[in-house]
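Worksheet for the structure shown next.
Atoms within a ligand are numbered from 1 in the order they appear, just like the ligands themselves. Because the structure is predicted, anything quoted here is derived from the model rather than measured.
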Amino acid sequence: MSKEIRRVRVRFAPSPTGPLHMGGVRTALYNYLFARHNGGDFIIRIEDTDSNRYVPGAEAYIFEALKWCGIHADEGVEEGGPHAPYRQSQRKEIYLEYALRLVESGNAYYAFDSSDALNALRQEKESCGETFSYNYSVREQLDTSLRLPPEEVARRIERGDQWVIRFKMPENEEVHMNDLIRGEVTVNTSTLDDKVLYKSADSLPTYHLANIVDDHLMEISHVIRGEEWLPSLPLHYLLYRAFGWSDTQPQFAHLPLLLKPTGHGKLSKRDGDKMGFPVFPLQWTSPEGEVSHGYREEGYFPEAFINMLALLGWNPGTEQEIFDMDELIGLFSLERVGKSGARFTPEKTKWFNAQYMHRRDNRELGKAFLPILREHGVECSLEKAALIAGFIKSRATFVSDFWDLSSFLFIAPTSFEEKTVVKYWKGENPSHIAALRELLAGIDDFTNTNTEAICHEWIVANGFSMGQIMNSFRLAVVGASKGFGMYEVCEVLGKEETLRRLDYALATLPQGM
Ligand code: GLU
């Protein structure tokens, strides 16, 4: 099958060893965008063959996080599909046959070394300042099928000795690889060791074998994954070759690292804890009870989170920064993914959230605001919450900012900010506000555009100072120099409450200072 006409099939293949880091979400996102852009398939495969690193709850977390992000699979553990099952622990029976094929073709061998024996070898090397490598230089002297006669190998397997199958890494061969982001990469095999492919102890393959076999069986056309997997690429190339699958092996793209806000070093969970930003999409409670913050719980919109992640490593080639998922799908290409690490900036992420906040539907924001209002003992209609949201959203980053921006609407002033009183409640202003109260009393339609038009005309016709009137008006209704547009405030309060507040201010504040 030629690569050109091959159907695009990509997979996100997380191991459920903990919550999905935002770097992992970016990998999933780029795979998803690439699949959708090319009219191909996006597959989620769970790589859980390392039972020592399995963390309960991690798999469910991964699925929930991807759903929250709007990343939906065509095939996977939950979706099913023609290559089911998509969880490697349920594909156990498949892998041994492939490991044995490699032994038969001379590309792999049995090794019987106990972990004690290997530790002793390691220590011996270390004591001379060297590192032990299980490779071409030692494999024929160790307890392997390369040294032992076939009958002895068979006898040991028969009697139940533990064994592993290791890849027989060729000695001193240049492996030429191609990475869609990095171009040509060459590695000499003498720098590589003989990786374990299969373990009799748990009848499970290791990552490398399971990954290659499944990518082959699932007809994966492109492997898009984090840079940390680049060192495994020569082994993966050689595994494809050993199986005779080089012609159909996937193309590879290794994504740049996510860097700390300082730009130095890989972004880690600890940076988030230290600097107070989440590195996980959703809050995660570890089996030990340790809680890590999540973007969802911190009040980020998934669209903002995704928009931010999309630009961490991929460059649209224009100044545009706000992209919804469909736009990202339309524009995404691996050619525009950079080679160098992408610096994460928490402030920019907040900026993205604010942008999405400004564009958000008022009713939806109102709905999110209602529980916060209830927490403060305020019962409010959805209509009113949505009206307020519409007026304050341009000043907010999170829905949790709404209360501080609008609490004065629900708590009428009983006292007045001293410095504002001194500044504005003086001269003719109190009597002008009394006149403004009468003007407002005559208006029935309290929508902000209507009151604004009438009051504005009145201020101009009387030759009053706009600043003096509006500031003392605000002081009287709000109690301080804060809040949003005064006519919008009046619209939310309604005529009755606006007049009541003005009456209270006029009765309480000293006259004509
Ligand atoms: N299971 C690997 C991981 O956890 C997948 C790496 C790959 O995509 O090949 O990241």
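- Shown in contact with E47 at under 4.0 Å from a heavy atom are these atoms of ligand 1, numbered in order with element: 1 (N), 2 (C), 5 (C).
- Looking at N211 against ligand 1, only its side chain comes within 4.0 Å, counting heavy atoms.
- With sequence neighbours excluded, the residues that form a side-chain contact (heavy atoms from CB on, under 4.5 Å) with R159 are R155, R156, D161.
- Shown here for I322 and N307, the closest heavy-atom pair between the two residues is CA-OD1, 3.3 Å.
- Between D401 and R395, no side-chain nitrogen of the basic residue sits less than 4.0 Å from a carboxylate oxygen of the acidic one, so the salt-bridge criterion is not met.
- For the pair K348 and F352, the cation-pi criterion (under 6.0 Å, within 45° of the ring axis) is fulfilled.
- In this model, a donor atom of one side chain and an acceptor atom of the other lie less than 3.5 Å apart for Q320 and E327.
- Any N or O atom pair closer than 3.5 Å counts here, and V223 shares no such pair with ligand 1.
- Looking only at heavy atoms of the protein, atom 2 (C) of ligand 1 is closest to A13 O, 3.3 Å.
- Close approach to Y207 involves these atoms of ligand 1, each under 4.0 Å from a residue heavy atom: 2 (C), 5 (C), 6 (C), 7 (C), 9 (O).
- In this structure, E228 falls outside the shell of residues with a heavy atom less than 4.0 angstrom from ligand 1.
- Counting protein heavy atoms only, atom 8 (O) of ligand 1 is closest to R11 NH1, 2.7 Å.
- Only the side chain of W229 comes within contact range of ligand 1, with a heavy atom under 4.0 Å; no backbone atom does.
- Here the heavy atom of the protein found nearest to atom 4 (O) of ligand 1 is S15 OG, 3.2 Å.
- Under a 4.0 Å N-O distance rule, the pair E227/R182 qualifies as a salt bridge.
- Geometrically, R336 does not engage F332 in a cation-pi contact, judged by NZ or CZ lying under 6.0 Å from the ring centre and within 45° of the ring axis.
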